[in-house]
Asker: 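So that we are looking at the same thing, I have put the structure below in structure tokens.
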Amino acid sequence: KVSKVDAMRWLKRLEEYLLNRQQLKRLFILIDSRIGVRDADLDLMDFCDANAIAYQIVYTKKDKKVREKNQQEILHTQHGAMIPEILYTSAEKKTGLESIKETLGIK
């Protein structure tokens with residue numbers, strides 16, 4: 001928990017970074033698969049769409065039990081800057097890491 005002032009300051013810095021970082025090729029948006037997409041995730045996705053910042057969704061904790069049953073589905077057809085392929089990972093089972101490494105060009 002942080003104050004609204006601090007949260008807004010962090011948000012402004014993030015926006016400036018995303019808009020001005022010319023080396024940025026793709027943003028990975030990590031979403032806890034137990035909970036699903038949240039309003040803050042959708043806000044970030046909308047910001048990226050509006051500013052043509054390429055991003056890819058990565059669902060984390062895919063091995064864990066789903067807590068939120070009625071999760072909103074994310075469709076790349078509704079998000080112009082979204083990379084169509086959604087990645088799924090589990091740090092505990094070490095699955096999905098190869099696809100991220102491949103995307104990043106790491107061997």
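The model shown is predicted, which means the values in this text are computed figures rather than measured ones. Heads up: numbering here begins at 1 and tracks the sequence. No hydrogens, no waters, no symmetry mates; every other heavy atom, side chains included, goes into these values.
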Asker: Is there a chain of hydrophobic side chains (I, L, V, M, F, W, Y, each step under 4.5 Å between heavy atoms) that links Ile29 to Leu75?
Answerer: no
Asker: If I take atom CD from residue Gln78 and atom CD from residue Glu73, how far apart are they, to the nearest 0.5 angstrom?
Answerer: 8.5 Å
Asker: For residues 91-104, dump all side-chain donor-acceptor pairs below 3.5 Å to protein atoms at least two apart in sequence or in another chain.
Answerer:
unit_1 : atom_1 : unit_2 : atom_2 : d
Glu92  : OE1    : Lys64  : NZ     : 2.8
Ser99  : OG     : Gly96  : O      : 2.8
Thr103 : OG1    : Ser99  : O      : 2.8

Asker: Under the criterion side chain to side chain contact (heavy atoms under 4.5 Å, CB included), which of Met45, His79, Glu85 is the partner of Ile57?
Answerer: Met45
Asker: Give, for atom CG of Leu14 and atom NZ of Lys12, the distance between the pair rounded to the nearest 0.5 Å.
Answerer: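 The CG atom of Leu14 sits 11.0 Å away from the NZ atom of Lys12.
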Asker: Does one hydrophobic cluster hold both Leu87 and Leu27, with members joined at side-chain heavy-atom distances below 4.5 Å?
Answerer: no
Asker: Within a strict 4.5 Å, meaning less than it, do heavy atoms of the Met82 and Thr77 side chains meet?
Answerer: no
Asker: Grab the two heavy atoms, one from Ala81 and one from Cys48, that are nearest each other, plus how far apart they are.
Answerer: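 What the structure gives for the nearest pair is CB-O, 3.7 Å.
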Asker: With hydrophobic residues grouped by side-chain heavy-atom distances under 4.5 Å, do Leu11 and Leu24 end up in a single group?
Answerer: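 Cluster IDs for Leu11 and Leu24 differ.
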Asker: Around atom CG of Asp39, are there more than 12 heavy atoms from other residues, nucleotides or ligands closer than 6.0 Å?
Answerer: no
Asker: Examine the side chains of Tyr59 and Asp32 and answer whether a donor and an acceptor come within less than 3.5 Å of each other.
Answerer: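 Short answer, no.
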Asker: Is the closest side-chain heavy-atom distance between Phe47 and Leu19 below 4.5 Å?
Answerer: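 Contact flag for Phe47/Leu19 side chains = yes.
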Asker: Should Leu44 and Tyr17 be counted in the same cluster of Ile, Leu, Val, Met, Phe, Trp and Tyr side chains packed under 4.5 Å apart?
Answerer: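 Same cluster.
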Asker: Would you call Val58 and Tyr88 a side-chain contact if the rule is heavy atoms closer than 4.5 Å?
Answerer: no
Asker: With a 4.5 Å limit on heavy-atom distance, are the side chains of Val37 and Leu42 in contact?
Answerer: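 A side-chain contact exists here, since the closest heavy-atom pair is under 4.5 Å.
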Asker: If two hydrophobic side chains count as joined below 4.5 Å and joins carry through other members, does Ile53 share a cluster with Ile86?
Answerer: yes
Asker: Where do Ser33 and Gln71 come nearest, in terms of heavy atoms and distance?
Answerer: O-NE2, 3.0 Å
Asker: Quick check on Arg26: does its CZ atom have over 12 non-hydrogen neighbours (other residues, nucleotides or ligands) under 6.0 Å away?
Answerer: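 It does: Arg26 CZ has more than 12 such atoms within range.
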Asker: Please check if the number of heavy atoms outside Gln22 that lie under 6.0 Å from its CD is greater than 12.
Answerer: no
Asker: Would you compute the distance between atom CD1 of Ile31 and atom NZ of Lys61 and round it to the nearest 0.5 angstrom?
Answerer: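 Rounded to the nearest 0.5 Å, the CD1-NZ separation comes to 12.5 Å.
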Asker: Mind checking the CG-CD1 spacing from Asp41 to Ile74? Nearest 0.5 Å is all I need.
Answerer: 7.0 Å
